[in-house]
Amino acid sequence: MTNEDWLEIGRIVSPHGLKGELRVYPSSDFPERFEEPGQRWLKPPGDNPPQPVELLWGRFVPGKALYVVQLKGVDNRDQAEALRGYQLLVPTSDRPELEEDEYHILDLIDLEVFNQLTGEAVGVVVDVIPAGNDLLKVKLLSSVQPPPTQPETPPPTRTSKKRQAKGKKEPQPATVLIPFVKAIAPVVDLENGRIEITPPPGLLEVNQR
């Protein structure tokens with residue numbers, strides 16, 4: 001099976017406790033992926049192929065936006081630690097049927113985002129953050145980046161002159177969190193790879209990170 005034959009449903013981020021439990025950051029909106037026992041697949045970082053594993057149980061952790069799961073054969077913290085960074089997968093053929101206005105998270109990644117009010121491109125979806133209402137994490141285009149703030153320069157001293165000689169870090173592209181609700185993202189066009197938003201005043205500024 002190729003990469004296109006698999007869906008990532010989550011990623012193991014750390015052990016939980018001492019009995020082999022695992023914390024999983026979800027890439028799926030379907031709780032049954034983590035709560036219903038049955039076969040899943042584990043893929044280590046790199047090019048190694050996925051291996052079958054049995055999910056024994058799982059539960060959502062309120063306030064943490066992640067799941068704690070138990071996999072068969074993972075019985076202690078050392079075994080759980082060895083799985084840090086592994087992907088949790090299911091076959092693409094196991095995609096659930098979606099209701100109207102529901103979308104698979106992976107289908108939203110890399111979609112271009114446009115401001116429906118102005119027609120201007122805003123940025124690209126780089127992540128979807130599970131919350132009460134899911135949040136689209138959008139990397140802003142350079143044309144809509146906020147201007148850098150210029151700190152007040154203190155009077156030069158011997159120390160400050162030495163610091164000025166060091167190279168400066170390049171600024172990272174700004175991102176914005178956009179609630180993925182019909183009122184703010186009324187158009188999701190998967191065929192043409194775009195999302196249209198109608199942002200309330202200030203939304204593209206107040207959530208910038």
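Heavy atoms only: backbone and side chains are in, while hydrogens, waters and symmetry mates are out. Because the structure is predicted, anything quoted here is derived from the model rather than measured.
Here OG of Ser27 is found 13.0 Å from NE2 of His104. Values are rounded to the nearest 0.5 Å. Rounded to the nearest 0.5 Å, atoms CD1 (Ile197) and CD (Gln116) are 9.5 Å apart. The CD atom of Glu102 sits 5.5 Å away from atom CZ of Phe30, with the distance rounded to the nearest 0.5 Å. Distance check, rounded to the nearest 0.5 Å: CG of Asp78 to CG of Leu18 gives 10.0 Å. Distance check: Leu108 CG to Lys137 NZ gives 15.5 Å after rounding to the nearest 0.5 Å. To the nearest 0.5 Å, atom NZ of residue Lys19 and atom CZ of residue Arg77 are 13.5 Å apart.
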Please test Arg40 against Val69 for side chain to side chain contact (heavy atoms under 4.5 Å, CB included), starting from the C-alpha separation and ending with a verdict.
CA-CA 12 Å; Arg40 307 293 188 274; Val69 304; over 6 Å; no
Candidate pair Val128 and Phe180, rule side chain to side chain contact (heavy atoms under 4.5 Å, CB included), full reasoning
CA-CA 9 Å; Val128 179; Phe180 190 47; 5.8 Å; no
What do the steps show when you test Ile184 against Ile178 for side chain to side chain contact (heavy atoms under 4.5 Å, CB included), and what is the final call?
CA-CA 8 Å; Ile184 295 177; Ile178 298 175; 3.8 Å; yes
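Residues Pro50 and Leu89 share a closest heavy-atom pair of CG-CD1, 3.6 Å. Considering all non-hydrogen atoms of both residues, Thr175 and Lys139 come closest at CG2-CA, 3.9 Å. Pairing each heavy atom of Pro45 with each of Gly85, the nearest pair is CG-O, 3.9 Å. Between Ile195 and Ala185, the shortest heavy-atom contact is CG2-CB, 4.2 Å. Between Arg33 and Ser28, the shortest heavy-atom distance links the atoms CG-OG, 3.5 Å. Nearest heavy atom pair, residue Pro52 against residue Gln39, reads CB-NE2, 3.4 Å.
Applying the side chain to side chain contact (heavy atoms under 4.5 Å, CB included) criterion to Leu42, with sequence neighbours excluded, gives Ile12, Val53, Leu71, Leu83, Tyr86, Leu88. Shown here are the salt bridge (Lys or Arg N to Asp or Glu O under 4.0 Å) partners of Lys182, two or more places apart in sequence or in another chain: Asp101. The side-chain hydrogen bond (donor to acceptor under 3.5 Å, both in side chains) check on Asn115 picks up nothing, with sequence neighbours excluded. Take Arg11 and apply the side-chain hydrogen bond (donor to acceptor under 3.5 Å, both in side chains) test, not counting sequence neighbours, and it matches Glu8. By the salt bridge (Lys or Arg N to Asp or Glu O under 4.0 Å) test, Glu35 pairs with no residue at all, sequence neighbours left out. By the salt bridge (Lys or Arg N to Asp or Glu O under 4.0 Å) test, Asp107 is found to be paired with Arg95, residues two or more places apart in sequence or in another chain being considered. For the ring-ring contact (aromatic ring centres under 6.0 Å, His included) test, residues two or more places apart in sequence or in another chain that qualify with Tyr67 are Phe34, Phe60. Partners of Arg84 by salt bridge (Lys or Arg N to Asp or Glu O under 4.0 Å), not counting sequence neighbours, listed by chain and number: Glu81.
Residues Phe114 and Val125 are members of separate hydrophobic clusters, defined by side-chain heavy-atom contacts under 4.5 angstrom among Ile, Leu, Val, Met, Phe, Trp and Tyr. Taken together through direct or relayed side-chain contacts under 4.5 Å among Ile, Leu, Val, Met, Phe, Trp and Tyr, Leu190 and Val122 form part of one hydrophobic cluster. Cluster membership check: Val124 does not share its hydrophobic cluster with Ile109, using side-chain heavy-atom separations under 4.5 Å among Ile, Leu, Val, Met, Phe, Trp and Tyr.
Here the side chains of Pro186 and Thr198 are in contact, with some heavy-atom distance below 4.5 Å. For the pair Pro179 and Leu135, the minimum side-chain heavy-atom distance is below 4.5 Å.
Among residues at least two apart or in separate chains, salt bridge (Lys or Arg N to Asp or Glu O under 4.0 Å) pairs with a member in residues 183-194 are Arg194-Glu196. Within the structure, salt bridge (Lys or Arg N to Asp or Glu O under 4.0 Å) pairs that include any residue of residues 51-65 comprise Glu54-Lys72 (at least two apart or interchain).
Within the hydrophobic cluster formed by Ile, Leu, Val, Met, Phe, Trp and Tyr side chains joined at under 4.5 Å, directly or through other members, Val126 stands alone, with no partner residue. By the 4.5 Å side-chain criterion applied to Ile, Leu, Val, Met, Phe, Trp and Tyr, Leu56 is assigned to a cluster that also includes Trp57, Val61, Leu66, Val68.
Remark: of the listed residues Asp134, Leu177, Ile105, Leu136, Leu177 is the sole one forming a side chain to side chain contact (heavy atoms under 4.5 Å, CB included) with Ile129.
Side-chain N or O atoms of Thr92 include one that pairs as donor or acceptor with a backbone N or O of Trp6 at under 3.5 Å.
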